[in-house]
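To start, the structure itself, in structure tokens.
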There are 2 protein chains.
Amino acid sequence: MSQNIYKHHDHHACIDTAVSRARDLCQEKGVRLTPIRQRVLELVWANHKPVGAYDLLPRLAEEGFNSAPPTVYRALDFLLDLGLVHRITSLNAFIGCTHPGEDHPTCFFVCRQCGQAQELDSAEMSDIARQAEARLGVVVEQQITELLGLCPACKGAA
Amino acid sequence: MSQNIYKHHDHHACIDTAVSRARDLCQEKGVRLTPIRQRVLELVWANHKPVGAYDLLPRLAEEGFNSAPPTVYRALDFLLDLGLVHRITSLNAFIGCTHPGEDHPTCFFVCRQCGQAQELDSAEMSDIARQAEARLGVVVEQQITELLGLCPACKGAA
DNA sequence: GCAGATTAGGTTATAATGTTGCAATTCTAC
DNA sequence: GTAGAATTGCAACATTATAACCTAATCTGC
Ligand SMILES: [Zn+2]
Ligand SMILES: [Zn+2]
Ligand SMILES: [Zn+2]
Ligand SMILES: [Zn+2]
């Protein structure tokens, strides 16, 4: 299941792994992980909360990067295309992918209290797509599911 | 599975049924289906394509209704609360629910070509939620999935 | 019917999110 | 080095959604 973010872990390792995989993937695909792109990826990975495009702007500005909407959207689009980040559409926000490289349906659990998002792999995901194809005669090209609720910590606190 | 919109059907019946159920539901819940709310519901049901809030504004204006964003968003919020419409978050658009009244996870297939959206019921949907709860210790309160691809007609045309 | 409470709607302004178009720069391949 | 491609800078704009504040309609208990 990707990994469990609710367990205590060395988060620097999360970031390092993400950047390292990104480098490899870019190498493999013959595309460039430019400074802006890498920095955006790191900022998206700063924690396990989905981050809005406009949240990134001031942080990039602080560091002397150009900071205008197109800059960050272009970087995000690049990362999305490579599957390095996902978009949580119900939040208009972006989050790092825990297993980039593999083309997969995306499924996230988002805590409505603390905002953290946990990526999930579920075999049933593809069942749903196949079922839709069989029952409706459609072709499914993309699939997203988003679960909203309370994470273990926030559930306990309530 | 709700109904199959790709099969030929009398769409006026879709609209009539939707309005009729809305009336019943409002009656039951002791809330008011005002003219604006009803008209917004009808417009959302005008076809099986998700419709943006701002698409509704000019149509309401034509008919002499007030036409400002808050008006239509208030009506849509009302309909969402009652479960009479769903929001397709990846499109920022709204579509009528085919089985209002029952609280259910929402699942839609959206054709990227013609834009029509088909609501789906799938037992596997709740499996995914239960699985997340079991594996992560979370509480799932809301679940949306959106499938994107080609409908039978658009698939054939391609 | 009427007073007070509740709900719904009107109006204006503004926030939040995302895009287009074009010029300037940087990189890559030859 | 030079041509072509990819990337970035920049300004304006488009789209989606909400805040704040007030007025009007409707309901409720008398
Ligand atoms: Zn981490
Ligand atoms: Zn939480
Ligand atoms: Zn119909
Ligand atoms: Zn279609």
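Residue numbering restarts at 1 for every chain, and letters A, B, ... go by the order of the sequence lines. Here the structure is a predicted model, which means the values were calculated and not measured. Only this structure's heavy atoms are used, side chains among them; waters, hydrogens and symmetry mates stay out.
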Which whole-number value in Å describes the distance from [X] [atom1] to [N] [atom2]?
X: B:Leu60; N: C:dT11; atom1: CG; atom2: P; result: 14 Å
X: A:Phe65; N: D:dC10; atom1: CZ; atom2: P; result: 14 Å
X: B:Gln38; N: C:dA8; atom1: CD; atom2: P; result: 15 Å
X: B:Phe94; N: D:dT15; atom1: CZ; atom2: P; result: 16 Å
X: A:Leu33; N: C:dT26; atom1: CG; atom2: C1'; result: 16 Å
X: B:Leu56; N: D:dA17; atom1: CG; atom2: C1'; result: 14 Å
X: A:Ile88; N: C:dG18; atom1: CD1; atom2: P; result: 13 Å
X: B:Ile36; N: D:dT26; atom1: CD1; atom2: P; result: 12 Å

Check [Y] with [X], please: is the shortest side-chain N to carboxylate O separation under 4.0 Å?
X: B:Asp77; Y: B:Arg74; answer: no
X: A:Asp127; Y: A:Arg130; answer: yes
X: A:Arg39; Y: A:Glu42; answer: yes

> Quick one: SG on A:Cys114 to NZ on A:Lys155, what's the gap to the nearest 0.5 Å?
Replying inline: 13.0 Å
> To the nearest 0.5 Å, how far apart are OG1 in A:Thr17 and CD in A:Gln3?
Replying inline: 8.5 Å
>> Aromatic contact between B:His86 and B:Phe94, with the criterion being ring centroids under 6.0 Å apart: yes or no?
In response: no
> Which residues in residues 66-81 of chain B have at least one heavy atom lying under 4.0 Å from any atom of DNA chain D?
Replying inline: B:Pro69, B:Pro70, B:Tyr73
>> Rounding to 10°, can you tell me the angle the first-five-pair axis of the helix from C:dG1-D:dC30 to C:dC30-D:dG1 makes with its last-five-pair axis?
In response: 40°
>> Side chains of A:Arg87 and A:Asn92: any donor to acceptor distance under 3.5 Å?
In response: yes
> So, B:His99 and B:Asp121: side-chain donor and acceptor under 3.5 Å apart, yes or no?
Replying inline: yes
> Between B:Arg37 and C:dA8, is there a side-chain N or O to OP1/OP2 distance below 4.0 Å?
Replying inline: yes
>> Less than 4.0 angstrom between a side-chain N/O of A:Asn92 and OP1 or OP2 of C:dG18, yes or no?
In response: yes
> Which listed nucleotide (D:dC27, C:dG9, C:dG18) is nearest to the side chain of B:Arg32?
Replying inline: D:dC27
> Is a donor on one side and an acceptor on the other found under 3.5 Å between the side chain of A:Glu133 and the backbone of A:Val140?
Replying inline: yes
